S.K.: 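Right, I'll just put the structure down here and ask away after.
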Amino acid sequence: MFKKQIRRKIVAVSFTILLLLSGCSADMKSSEQAAKSSTESTDTRLFTTDKGEIEIPVHPQRVISDFGLLGDVLALGVMPVAIENYGATDVAYKELIKEIKVLEKWEPEYLMTENPDLIITRDEENYEQLSKIAPTVYIPVYELETGERLSFLSDVLGLGREKGREVADNFETKVKDAKIKLKNTGLYNKTFSVIRVQGENEIGVRWSNNLGGQILFGALELPQTEAALREVKAGVDWGATLSFEAVPEYMGDYILVTEYGNYQLIENNPVWKSLSAVQNGNVIVLSEPYMYLNDIYSWSAQLDLVTKELLNLAEKNGVPEQ
């Protein structure tokens, strides 16, 4: 009887010791993980930029991005802690950012409250102010090709340049697939135009890098009208504002209209109604804010949308003979 009691006590003590050791082990692992996380967030490296060599976190944890670069940052899989007020209700990534803090103003005192460890901006004018808050990397977006921009940004964010190249390559693959689908319909034998509604008596024509031109003529390389090509050759490579009298010459077999609730200003105009694209029902009306942005996330969404709309038109109306 006495021996059994001793055994029970020994087992109880042993079990208690095991529990204590297990708890210590868990605490040690937790401490090691915390230390590792702390080290990752505080380790820095020297990084060369247009503004010289600056010290940035190896693995930034609290990134703030301005609106112009937000889509690229999101496409790379990084979720900022705060963003510049993007001012538009209809952007491709609106669902993705609905939980992110939107700064009331893009000013130092507002950024400081978020305690960033890295600021990403294309705003060269305010670079000096921003760099006093936290390490700030200026990205000269208009001087870099898409793949180069994404590789640079990916490197800044601690992801390595390969991640940026991967995102760019994925977009190029989507473009190639879209081209094949559209070519199979015969749409590459037609001409295309991109316009924005500016008022009752004028519209803006775009033929290069925004409001859908970046997708139709940049990525998909769809044919433009002779009038548009003449303007591009003359060096007017963004677009023009036209009166309705001048509109017909620039309108192709298919028209992409970008608007913000004001399409009704032109849809009953006699000149507009006389256009072959309008009469054949080959007009796509899309949100201007959605088609405005030129980041890789927005481009990908815009490409999907435009391709789907064009394929729908080809199936619904057929492709007119030459």
Side-chain angles (χ1 to χ4, degrees), residues 88 90-92 175 178-179 181-232 238-294 298-299 301-322:
D90 187 21
V91 290
V175 169
K179 282 182 175 180
K181 292 176 183 177
L182 294 172
K183 283 178 179 177
N184 288 338
T185 67
L187 284 171
Y188 275 83
N189 296 320
K190 301 302 171 183
T191 56
F192 294 78
S193 301
V194 174
I195 73 164
R196 69 186 297 259
V197 181
Q198 294 184 186
E200 292 184 10
N201 299 314
E202 62 180 26
I203 65 170
V205 185
R206 296 292 182 268
W207 40 71
S208 60
N209 59 3
N210 75 343
L211 297 179
Q214 72 275 13
I215 300 300
L216 266 72
F217 311 129
L220 294 174
E221 299 180 303
L222 286 161
Q224 301 186 57
T225 64
E226 289 184 7
L229 291 173
R230 188 172 62 243
E231 296 286 352
V232 173
W238 65 275
T241 297
L242 304 175
S243 65
F244 262 94
E245 289 74 21
V247 164
E249 183 183 7
Y250 290 87
M251 295 301 102
D253 301 307
Y254 290 79
I255 303 174
L256 168 60
V257 180
T258 63
E259 55 95 43
Y260 41 94
N262 61 347
Y263 179 54
Q264 72 277 4
L265 292 177
I266 68 168
E267 61 182 341
N268 293 316
N269 183 289
V271 175
W272 179 253
K273 292 171 71 175
S274 72
L275 300 172
S276 61
V278 178
Q279 293 180 352
N280 292 327
N282 291 326
V283 176
I284 299 171
V285 181
L286 298 177
S287 159
E288 183 168 312
Y290 193 91
M291 297 302 297
Y292 179 78
L293 297 178
N294 281 318
S298 298
W299 278 358
Q302 292 162 6
L303 175 67
D304 289 341
L305 179 58
V306 169
T307 302
K308 182 185 77 171
E309 293 292 336
L310 288 175
L311 291 173
N312 286 344
L313 283 185
E315 182 179 357
K316 177 183 175 183
N317 302 330
V319 178
E321 296 294 331
Q322 287 290 86

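It should be emphasised that the depicted structure is a prediction, and the values quoted were computed from it without experimental measurement.
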S.K.: I need the Leu220 CG to Lys183 NZ distance, nearest 0.5 Å.
M.R.: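 With rounding to 0.5 Å, CG (Leu220) is 10.0 Å from NZ (Lys183).
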S.K.: Considering non-hydrogen atoms only, spot the tightest contact between Pro223 and Phe217 and give its length.
M.R.: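 So the minimum-distance heavy-atom pair works out to O-CE2, 4.1 Å.
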S.K.: Would you say the side-chain atoms of Asn317 pair up with the backbone N or O of Gly281, donor to acceptor, closer than 3.5 Å?
M.R.: yes
S.K.: For residues Pro248 and Val271, determine if any side-chain heavy atom of one lies less than 4.5 Å from a side-chain heavy atom of the other.
M.R.: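 Side-chain contact under 4.5 Å: yes.
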S.K.: Check the surroundings of atom OH in Tyr292: do more than 12 heavy atoms from other residues, nucleotides or ligands lie under 6.0 Å from it?
M.R.: no
S.K.: Any side-chain heavy atom of Val319 sitting closer than 4.5 Å to one from Asn189?
M.R.: no
S.K.: Could you report the tightest heavy-atom contact between Leu211 and Val194, atom names first, then the distance?
M.R.: O-CG1, 3.0 Å
S.K.: Once rounded to the nearest 0.5 Å, what's the spacing between atom CG of Asn268 and atom OH of Tyr263?
M.R.: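 Between Asn268 CG and Tyr263 OH, I get 9.0 Å after rounding to 0.5 Å.
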S.K.: For the CD atom on Gln264, are there more than 12 heavy atoms of other groups (residues, nucleotides or ligands in this structure) within a distance under 6.0 Å?
M.R.: yes
S.K.: So Ile195 and Ile266, side chain to side chain contact (heavy atoms under 4.5 Å, CB included) or not? Walk me through it.
M.R.: CA-CA 11 Å; Ile195 73 164; Ile266 68 168; 4.2 Å; yes
S.K.: Ile255 and Leu275: side chain to side chain contact (heavy atoms under 4.5 Å, CB included), yes or no, with the steps?
M.R.: CA-CA 10 Å; Ile255 303 174; Leu275 300 172; 4.1 Å; yes
S.K.: Measure across Gln198 and Gly204 and return the closest heavy-atom pair with its distance rounded to 0.1 Å.
M.R.: OE1-CA, 3.2 Å
S.K.: Is there a side-chain contact between Met251 and Thr225 (heavy atoms, below 4.5 Å)?
M.R.: no
S.K.: Considering non-hydrogen atoms only, spot the tightest contact between Tyr250 and Ser193 and give its length.
M.R.: O-OG, 2.8 Å
S.K.: Looking only at heavy atoms, what is the nearest atom pair of Leu293 and Gln302, with distance?
M.R.: O-NE2, 3.1 Å
S.K.: May I ask you to test the Glu249-Arg230 pair for a side-chain heavy-atom distance under 4.5 Å?
M.R.: yes
S.K.: Measure the spacing between CZ of Arg196 and CD of Glu288 and express it to the nearest 0.5 Å.
M.R.: 4.0 Å
S.K.: Report yes or no: does Glu245 contribute a side-chain atom to a donor-acceptor pair with the main-chain N or O of Leu242 at less than 3.5 Å?
M.R.: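 No.
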S.K.: Please name the pair of heavy atoms, one in Thr191 and one in Gly252, separated by the smallest distance, quoted to 0.1 Å.
M.R.: OG1-CA, 3.2 Å
S.K.: Counting only N and O atoms by type, is there a donor-acceptor contact under 3.5 Å from the side chain of Gln214 to the main-chain atoms of Met291?
M.R.: yes
S.K.: Do Leu256 and Phe192 make a side-chain contact, defined as non-hydrogen atoms from C-beta onward lying under 4.5 Å apart?
M.R.: no
S.K.: For the side-chain contact (heavy atoms from CB on, under 4.5 Å) test, which of Leu222, Asn280, Ile284, Leu187 pairs with Tyr254?
M.R.: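 Single side-chain contact (heavy atoms from CB on, under 4.5 Å) partner of Tyr254 among Leu222, Asn280, Ile284, Leu187: Leu187.
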S.K.: For the residue pair Leu305 and Ile215, establish whether any side-chain heavy-atom pair is separated by less than 4.5 Å.
M.R.: no
S.K.: Just so I know, are the side chains of Asp253 and Asn282 near enough to count as touching, which here means a heavy-atom distance under 4.5 Å?
M.R.: no
